Amino acid sequence: MTADDSYGRLDDDDYPAYTMGRAAEMLGTTQGFLRAIGEARLITPLRSAGGHRRYSRYQLRIAARARELVDEGTPIEAACRIVILEDQLEEAQRINAEYRRAAGSPNPPGRSVR
């Protein structure tokens with residue numbers, strides 16, 4: 001890998017750049033919280049060669065949403081399920097919009113996508 005290759009990763013949302021300690025610090029939570037959402041299969045951190053968990057920016061955004069729900073009183077297992085369903089819904093809406101564009105029939109403004 002050249003230096004130019006490694007700089008390209010700085011913009012990669014999926015690059016596992018953050019250690020567990022740094023991720024917990026950035027989210028204002030504990031490492032235990034990150035372990036718990038990992039056990040609930042909300043996110044699966046990659047492992048370094050030494051076996052340490054590494055998190056991507058995308059995973060940190062998912063974890064931050066789960067933390068919001070937990071802070072509002074939602075049990076962690078339910079929060080993880082909600083975040084998974086939100087993510088699936090967003091992806092389905094994105095695909096639906098692509099199909100509409102491809103078919104040449106854009107959704108009129110102000111109408112909800114179902």
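Quantities reported herein were computed from a predicted structural model and do not represent experimental measurements.
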Considering only heavy atoms from C-beta outward, does the side chain of Arg35 approach that of Met20 to under 4.5 Å? yes
Is the shortest side-chain heavy-atom distance between Tyr55 and Leu34 below 4.5 Å? yes
Glu90 CD to Ile95 CD1 distance, which is reported to the nearest 0.5 Å: 11.0 Å
Dump the intermediate steps for salt bridge (charged side-chain N to carboxylate O under 4.0 Å, His left out) on Arg94 and Glu98, then the final yes or no. CA-CA 6 Å; Arg94 185 192 62 75; Glu98 285 178 13; 2.2 Å; yes
Decide yes or no for Asp87 and Glu91: does some side-chain heavy atom of the first lie under 4.5 Å from some side-chain heavy atom of the second? no
Does Gln59 use its side chain to pair, donor to acceptor, with the backbone of Thr44 at less than 3.5 Å? yes
Determine, using the 4.5 Å side-chain heavy-atom cutoff (strictly less than), whether Val83 and Met26 are members of one ILVMFWY cluster. yes
Side chain of Ser56, backbone of Pro16: donor and acceptor closer than 3.5 Å? no
Enter the distance from Leu69:CG to Thr74:OG1 here, rounded to the nearest 0.5 Å. 5.0 Å
Can you tell me how far the CZ atom of Arg57 sits from the CD1 atom of Ile62, to the nearest 0.5 Å? 14.0 Å
Can you tell me how far the CD atom of Glu25 sits from the CD atom of Gln31, to the nearest 0.5 Å? 10.5 Å
Rounded distance [0.5 Å steps], CZ in Arg65 versus SG in Cys80: 11.5 Å
Ion pair check, Arg61 and Asp13, cut-off under 4.0 Å: yes
Taking the side chain from Arg67 and the backbone from Leu27, do they hold a donor-acceptor pair closer than 3.5 Å? yes
Would you say the side chain of Arg47 lies within less than 4.5 Å of the side chain of Arg53, judging by non-hydrogen atoms? yes
What is the distance from atom CD of Glu77 to atom CD of Glu39, rounded to the nearest 0.5 Å? 10.0 Å
Are Tyr58 and Tyr18 joined in one hydrophobic group, where the rule is that I, L, V, M, F, W and Y side chains link up if heavy atoms are under 4.5 Å apart? yes
Hey, does the side chain of Ser48 reach the backbone of His52 with a donor-acceptor pair shorter than 3.5 angstrom? yes
